[in-house]
Amino acid sequence: MSTFPLINHIYTADPSAHVFNNKIYIYPSHDRETDIQFNDNGDQYDMVDYHVFSMESISGPVTDHGVVLSLTDVPWASKQLWAPDAATKNGKYYLYLPARDYDGVFRIGVAVAERPEGPFRAEKSFIPGSYSIDPASFVDEDGTAYLYFGGIWGGQLQCWLKDGGEWVFDPARIGPQEPSGPGQIALHPRVAQLRGDMLGFETPVRELEILDENGSPIQADDHERRFFEASWMHKYNGKYYFSYSTGDTHYIAYAVGESPWGPFRYRGRILEPVLGWTTHHSIVEFGGRWWIFFHDCELSKGVNHLRSVKVREIGYDVTGGISLVD
Ligand code: FUB
């Protein structure tokens, strides 16, 4: 896929795009060069700050609002500021960010700003009950806000097991492992409703079911369709669209449901594999058209952890199916 990087002066990835005050704001990861060897744990994605970008039109210039939050200003985080997302409510702006805590466990925290372009002030602790990576916030038309999250392997989702109603971390499952074999169901992404103040969970963390054409949960060995990471939620024509990366098969896939809690029925792919191992996206309506923001490694000529944000238009057919617009 060859479109132009939106941002050329630094490497950016995992773009979460939102329309605030009639502008597009992009909340990406800020990739940086390191000499950490590539591994399946994602150690090479060793980011230490976030920038925010804005655009008044899709084809117009992109403004870099500079560093809006640094790792050193997040009291609970030890390393790896991975894919963030943002939301607005109550006249404030909230940045949801995953990072490893001081035990090496991925958690999700929140930072607050008065303006969409920050600067953001991190809360002292991560969100109680949060875990894994790739938070995606979604505020429904009735004002109820949700946080979707999770990512397997380096994102540690496979380490979290339910024990007597509680999610418990099993360090023996760290590394590239996940369920496999006949009858094994894929790991589910997670969702919780956010509190009115947006700083914590109102509900317990729930699993989000993705079903196949027969109404059965996607199987663990179905790597072309099973959830890996990069949750995103948007609403179109009254339906809830949950989209995600399939990880080691490198697709952005989507599934459609009647409720923000699911279940979601698998519908297909939005993006084929891009250059680079990871693929991660967001979908937003702007100017009466729909856009997918994503990243690839064209600018770095294929270095997996040096990615660049791009954008393309998407359209819907009469059945609600998504495809890229040429
Ligand atoms: O940017 C670090 C990680 O790579 C993200 O959290 C994943 O979604 C993948 O894009």
Side-chain angles (χ1 to χ4, degrees), residues 5 7 10-17 26-34 36-51 69 71 74 77-86 95-101 104-109 126 130-137 147-159 176 178 187 189-190 226-233 242-254 270-271 273-283 292-300 302-310:
I7 298 150
I10 58 173
Y11 289 110
T12 53
D14 312 320
S16 293
I26 309 171
Y27 301 85
S29 301
H30 174 197
D31 284 353
R32 66 179 190 129
E33 309 223 21
T34 75
I36 301 168
Q37 285 300 304
F38 180 94
N39 62 35
D40 285 334
N41 231 11
D43 291 342
Q44 64 279 15
Y45 300 100
D46 189 36
M47 297 85 109
V48 294
D49 59 28
Y50 293 116
H51 286 231
L69 186 68
L71 181 63
V74 184
S78 68
K79 61 177 181 175
Q80 290 178 300
L81 289 182
W82 280 14
D85 190 21
L95 186 72
Y96 296 97
L97 56 122
R100 284 185 197 252
D101 68 10
V105 177
F106 268 109
R107 302 284 189 170
I108 296 168
F126 55 79
S130 73
Y131 56 85
S132 195
I133 59 165
D134 290 0
S137 54
L147 200 70
Y148 298 84
F149 59 93
I152 64 177
W153 300 2
Q156 302 176 339
L157 189 63
Q158 71 279 4
C159 301
E178 61 182 297
L187 291 166
R190 305 291 145 92
R226 64 99 167 74
F227 171 80
F228 191 96
E229 62 186 4
S231 296
W232 188 257
M233 172 60 67
F242 179 75
S243 44
Y244 58 96
S245 163
T246 62
D248 56 348
T249 49
H250 316 288
Y251 300 115
I252 294 295
Y254 71 109
I270 310 173
L271 281 187
V274 296
L275 180 64
W277 200 98
T278 66
T279 185
H280 191 128
H281 69 300
S282 61
I283 293 170
I292 183 165
F293 288 76
F294 61 100
H295 69 230
D296 69 20
C297 299
E298 270 189 35
L299 190 63
S300 71
V303 181
N304 280 321
H305 66 281
L306 298 178
R307 301 162 291 179
S308 303
V309 169
K310 297 183 169 183

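Along the sequence shown, residues carry numbers from 1. In listed order, ligands and their atoms are each counted from 1.
Within ligand 1, the atoms closer than 4.0 Å to a non-hydrogen atom of Ala83 are 6 (O), numbered from 1 in the order shown. Of all atoms in ligand 1, numbered sequentially from 1 with element shown, those under 4.0 Å from a heavy atom of Met47 are 1 (O), 2 (C). Heavy-atom contacts of Asp134 reach the following atoms of ligand 1: 5 (C), 6 (O), 7 (C), 8 (O) (cutoff under 4.0 Å). Every atom of ligand 1 with a heavy atom of Thr278 under 4.0 Å away is listed here by number and element: 4 (O), 9 (C), 10 (O). When each atom of ligand 1 is checked for a heavy atom of His280 under 4.0 Å away, the hits are 7 (C), 8 (O), 10 (O).
Here the side chains of Phe242 and Tyr148 are in contact, with some heavy-atom distance below 4.5 Å.
In terms of protein heavy atoms, atom 1 (O) of ligand 1 is closest to Asp14 OD2, 2.5 Å. Nearest protein neighbour of atom 9 (C) of ligand 1, counting heavy atoms only, is Glu229 OE2, 3.4 Å.
With a 4.0 Å heavy-atom cut-off, ligand 1 is reached by no atom of Gln80.
Residues Phe106 and Trp82 bring their aromatic ring centres within 6.0 Å.
Between Asp46 and Lys79 there is no salt bridge, since no side-chain N of the basic residue sits under 4.0 Å from a carboxylate O of the acidic one.
On a distance-only criterion, Arg307 and ligand 1 share at least one N/O pair closer than 3.5 Å. Every N/O-N/O distance between Asp31 and ligand 1 stays at or above 3.5 Å. No N or O atom of Thr279 sits closer than 3.5 Å to an N or O atom of ligand 1.
Smallest separation of non-hydrogen atoms from Leu71 and Leu81: N-CD1, 3.7 Å.
One distance of note links OH of Tyr244 with CD1 of Ile270; it measures 10.0 Å at 0.5 Å rounding.
For Trp232 (side chain) and Ala136 (main-chain N/O), no donor-acceptor pair under 3.5 Å exists by modelled atom type.
Ring geometry, His305 versus Tyr45: the interplanar angle exceeds 60°, so the pair is classed perpendicular (tilted spans 30 to 60°). Ring geometry for Phe149 versus Tyr131: interplanar angle over 60°, hence perpendicular rather than tilted (30 to 60°).
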